[in-house]
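Below is one structure, written out as structure tokens, with a few remarks after it.
Only a predicted model underlies this, so the values are computations on that prediction, with no experimental measurement involved. When a ligand or atom number is given, it counts from 1 through the structure's own listing order.
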Amino acid sequence: MKDTVGIILAAGEGTRMNSTLPKVLHKLCGKPMLQYLLDILGQLGIKKNVVVVGHQAQEVRQILKNRDIKIVRQAKLLGSADAVWQTHSFLARFKGNLLIVYGDTPLISYQSLEKLIRAHEQTQAACTLLSAVLKNPSGYGRIVRSEDNRVLKIVEEQDADNYEKAIAEINVGAYCFRAKELFSALKEIKPNNVKKEYYLTTAIELLNKRKAKVEAILTADEQEAQGVNSRQDLAFANTVINKRNIEKLLSQGVTIVDPANTYIYGDVQVGQDTVIYPQSVIEGQVKIGRACQIGPFAHLRSGTILADHVAIGNFVEVVRSSVGCGSKIKHHAYIGDTIIGQAVNVGAGTIVANYDGKSKSKTLIADGAFIGTGSILIAPVKIGKKAITGAGSVITKNKNVPAGATVIGVPAKILKKRNSKRKIQNAKL
Ligand code: UD1
Ligand code: CA
């Protein structure tokens, strides 16, 4: 892929989203839409990536910061062909291939783009594009073929006649072009269509007129072709990505009791034989060990690391925290910025008060500790090994509980210095 430059078009206004946020920054399963294509292009090992920004360029630039990406500005939004033309001065001497994708088609898979580039390299066409056959093709550019099945042109929905509207094969919006031929064709594109825009898709017809070869390959899965133009499309794309995340975990030996009601929103790793019950939301960077029980109604946020055999039950929220092997937090709790050791029992309704209105502080709960129902731990604070907090105690800032001690009350005071005889529940540890 070393002689391929990637171009992502992300300058469009996205009017149909009815939003103050640029379309490509809307999140899908926790990640901005644009990020999906950036990640795939990154994995493809492409020589260089260019992103064309325009509408709300400043905001879009923010997520492109500190990356090896060339950003090009489209000053007037005159259409997708004009957007590509803005890269011309940067790529004027480039003789290789251009992989052009649209920032609002985040469901395209790595496999399809890789196949597209390979096919393009093999056939030596001037353009190879990705197409899909849809049950409902309305809204997309239709692929018009000749009687001998060659791709002749792409007709946009607004410009299509009834015969063309009936074509089920559509333009996904991912193309490989030989750079020289594309730039030469772009010079000839005119905005003679209903929307009066310079359409990139017109290049196909122009290349055909010049007797250059145009090829199309089909996506394996029609869902990949769904672009995001409205909130309805956004909701649909979200369910598709969630399903993909769930499929991956199922194939890795995780039980997900009710996939339609489980939300995996991020880079989530889960060990074998863990069971995730319905209505659980797992988001951001989360790592879960083997044979854990999660949910129902658990909320695991970014920075959560659970060791093996951990149980997180109903209405428990965990963020930026780690939980050691065999520990249990089973009902109604909030755990933030906390390190929990092994075989700890965190009672129902326990709250770690990690935020004092200005800054967040850390809490440590050592191995074998027993946190009584309704305890409030005001961070920063440490609960020693095998220590016990009584029901309803408030353990105040820096009033660390020594190992083996029992504390009770508000504010919590030491009741017993040592509980050396107390057995830890989880015998395995
Ligand atoms: C486009 C295709 C259509 C295809 C569909 C797939 C064209 C003319 N049509 O239609 O054939 O089936 O995508 O989803 O390309 N953009 C700019 N600058 C502009 C205009 C657009 O950067 O001046 C970018 C947009 O940000 C977007 C992409 O180009 O990422 C496509 O534009 P959009 O208006 O969404 O085209 P569609 O009508 O969806
Ligand atoms: Ca679109």
Q | Atoms of ligand 1 close to Thr201 [distance to a heavy atom under 4.0 angstrom, numbered from 1] | A | 7 (C), 8 (C), 11 (O)
Q: Number the atoms of ligand 1 from 1 as they appear, then name those within less than 4.0 Å of a heavy atom of Gly79, with their elements.
A: 18 (N), 19 (C), 20 (C), 23 (O)
Q) Does the distance from a Lys or Arg side-chain N to an Asp or Glu carboxylate O, for Arg145 and Glu169, drop under 4.0 Å? A) yes
Q.
If you consider just the N/O/S atoms, which atom of Asp104 is the closest one to the Ca ion (ligand 2)?
A. OD2
Q.
Need the ligand 1 atom indices (1-based, order shown) with element for anything under 4.0 Å from a heavy-atom of Ala83.
A. 17 (C), 18 (N), 22 (O)
Q. Is Ile170 touching ligand 1 with its side chain, its backbone, both, or neither, if touching means heavy atoms under 4.0 Å apart?
A. neither
Q.
With no hydrogens and no angle check, just 3.5 Å: does a side-chain donor-acceptor pair link Ser112 and Glu224?
A. yes
(Q) Can you tell me if Leu78 contacts ligand 1 (heavy atom of the residue under 4.0 Å from the ligand)? (A) yes
(Q) If the cut-off is 4.0 Å to any non-hydrogen atom of Thr105, which atoms of ligand 1 fall inside it? (A) 14 (O)
Q.
At less than 4.0 angstrom from any non-hydrogen atom of Leu77, what atoms of ligand 1 do you find?
A. 23 (O)
Q: Can you sort out which atoms of ligand 1 are near Gly103, meaning under 4.0 Å from one of its heavy atoms?
A: 30 (O)
**Q.** Pair Glu156 + Lys195, salt bridge at N-O below 4.0 Å
**A.** no
Q: Starting from atom 4 (C) of ligand 1, find the nearest protein heavy-atom neighbour and note its residue, name and distance.
A: Asn171 O, 3.2 Å
Q) Applying a 4.0 Å heavy-atom criterion (strictly less than), which segment of Ala11 is in contact with ligand 1: side chain, backbone, both, or neither? A) both
Q: Would you mind running through ligand 1 and noting each atom that sits below 4.0 Å from a heavy atom of Gln74?
A: 17 (C), 18 (N), 19 (C), 22 (O), 23 (O)
